[in-house]
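Here is the structure we will look at.
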Amino acid sequence: MTANYPIMLRLEGKIVVVVGGGKVAERKVAGLLGKGARVHVISPEVTEELRRLVSEGMIVWLQKSFSENDMKEAFMIFAATNDEELNRLVKNSASEHQLVTVADDPEGSDFHVPSHLQRGRLSIAISTGGASPTLAGKIRKQLEEQFDDSYEAYLEFLFKTRQWILKEVGDSSLKRKLLTAIVTPRFLSNENRDEEFRRLYEELM
Ligand SMILES: C[C@@]1(CC(=O)O)C2=NC(=C\c3[nH]c(c(CCC(=O)O)c3CC(=O)O)Cc3[nH]c(c(CC(=O)O)c3CCC(=O)O)/C=C3\N/C(=C\2)[C@@H](CCC(=O)O)[C@]3(C)CC(=O)O)/[C@H]1CCC(=O)O
Ligand SMILES: NC(=O)c1ccc[n+]([C@@H]2O[C@H](COP(=O)([O-])OP(=O)(O)OC[C@H]3O[C@@H](n4cnc5c(N)ncnc54)[C@H](O)[C@@H]3O)[C@@H](O)[C@H]2O)c1
């Protein structure tokens, strides 16, 4: 088996085409919301939830059967109909430069959607390479407990404080000590991180 290459994609302004409007399409669309993508759903029928998103202007629905022209501008394509042959046609109609995932053919897909959890700037993705999406979901739930909501504020502190250290601290040994110290329990579970950082800085200076 050839290993997959994991990346975090930025979809701002990109057109993402979802062919099919059923339960799977609905889940994939849910994962795309808030990522800046322009989502186009191509399907004669869509679920109630997808209709709601259309009426709120969150996604565009082309109420029709799939044709090749529908995906000319697409950066990324989800073939998610309940028709195996049609899903394969979608894959074969795409250019080599378009990323296509086929809902019922992991081996024939360019990428898989991983299970995912987000805590502000922290993003954790889990993939089983198509072996068991259920296991991926189970691991996500375990990680959601380990990395709880408090990580969002902690990551903001790390971001801001790291930027400050990189800009203000010239001495490379002190810089390394500070960057290591902020990633310890002393800062993870602390209400007054900024104050604690000032104390640490004075200790190490
Ligand atoms: C992670 C997640 C993301 C998302 O969908 O956003 C996701 N599937 C999720 C759930 C889920 N999917 C299925 C079940 C029913 C139980 C079961 O079959 O296990 C459940 C469980 C549920 O519903 O809870 C059925 C299923 N899935 C695929 C097939 C086709 C096949 O295997 O041939 C079939 C059989 C269809 C049939 O019955 O014929 C294929 C794919 N599903 C993937 C992703 C990609 C591989 C990811 C990986 O392996 O890591 C891949 C390859 C392609 C892709 O879609 O990108 C999301 C978990 C969210 C979470 O809980 O966090
Ligand atoms: N990848 C995954 O995570 C995953 C999970 C479960 C199931 N699946 C597979 O995904 C497929 C879809 O499952 P589902 O539960 O969403 O099915 P569904 O029956 O709920 O939806 C199918 C959708 O395809 C649309 N469709 C049918 N013909 C079309 C055409 N010619 N052009 C455009 N749209 C068309 C229908 O209107 C409908 O909206 C199945 O093959 C299933 O095996 C994948």
Side-chain angles (χ1 to χ4, degrees), residues 1-11 14-37 39-55 58-94 98-119 122-149 151:
M1 187 198 92
T2 313
N4 294 330
Y5 182 64
I7 55 169
M8 297 285 170
L9 275 179
R10 299 181 62 87
L11 290 178
K14 298 263 197 289
I15 294 180
V16 177
V17 164
V18 180
V19 185
K23 289 181 293 295
V24 171
E26 184 181 303
R27 195 170 69 236
K28 304 301 176 192
V29 167
L32 289 163
L33 296 176
K35 311 297 190 298
V39 179
H40 295 182
V41 173
I42 320 291
S43 182
E45 307 274 347
V46 297
T47 63
E48 237 173 79
E49 171 59 10
L50 286 171
R51 267 175 200 274
R52 189 185 67 76
L53 294 171
V54 173
S55 70
M58 311 280 277
I59 61 173
V60 172
W61 175 24
L62 288 127
Q63 188 170 9
K64 64 191 283 296
S65 183
F66 164 78
S67 67
E68 275 188 41
N69 271 340
D70 301 331
M71 52 183 224
K72 281 223 154 54
E73 308 293 315
F75 168 70
M76 189 186 240
I77 298 149
F78 289 81
T81 77
N82 51 356
D83 179 339
E84 202 180 327
E85 247 173 69
L86 179 72
N87 287 343
R88 202 173 320 126
L89 174 70
V90 173
K91 174 75 176 101
N92 293 337
S93 309
Q98 290 175 310
L99 294 174
V100 189
T101 198
V102 186
D104 51 9
D105 185 12
E107 296 302 313
S109 297
D110 295 322
F111 67 95
H112 299 159
V113 180
S115 186
H116 180 224
L117 82 101
Q118 189 87 41
R119 301 289 185 235
L122 176 64
S123 194
I124 303 179
I126 306 113
S127 171
T128 67
S132 169
T134 300
L135 175 64
K138 202 170 161 183
I139 295 172
R140 169 180 56 78
K141 287 193 189 84
Q142 289 168 0
L143 290 171
E144 272 170 355
E145 284 179 28
Q146 186 181 347
F147 298 93
D148 61 18
D149 287 343
Y151 271 80

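Numbering of ligands and ligand atoms starts at 1, following listing order. Quantities reported herein were computed from a predicted structural model and do not represent experimental measurements.
Residues K64 and D70 are paired through a salt bridge, judged by an N-O separation under 4.0 Å between the basic side chain and the carboxylate.
Looking at atom 44 (C) of ligand 1, its nearest protein heavy atom turns out to be V113 O, 3.1 Å.
Residue contact check for ligand 2: E26 places no non-hydrogen atom closer than 4.0 Å to it. A heavy-atom separation below 4.0 Å is not found between P133 and ligand 2. Using 4.0 Å as the threshold, L86 has a heavy atom nearer than that to some atom of ligand 2. In this structure, E84 has no heavy atom closer than 4.0 Å to ligand 2. Using a 4.0 angstrom heavy-atom cutoff, V46 does not count as in contact with ligand 2. Using a 4.0 Å heavy-atom cutoff, A103 is listed among the residues neighbouring ligand 1.
Aromatic ring centres of F78 and F111 lie closer together than 6.0 Å.
Atom NZ of K141 is separated from atom CD1 of I126 by 10.5 Å, given to the nearest 0.5 angstrom.
Considering backbone and side-chain N/O atoms, G130 comes within less than 3.5 Å of an N/O atom of ligand 1. In terms of N/O distances under 3.5 Å, ligand 1 is approached by S115. Residue H112 has no N or O atom closer than 3.5 Å to an N or O atom of ligand 1.
Close approach of ligand 1 to S127 is summarised as follows: ligand atoms under 4.0 Å from at least one heavy atom of the residue are 50 (O).
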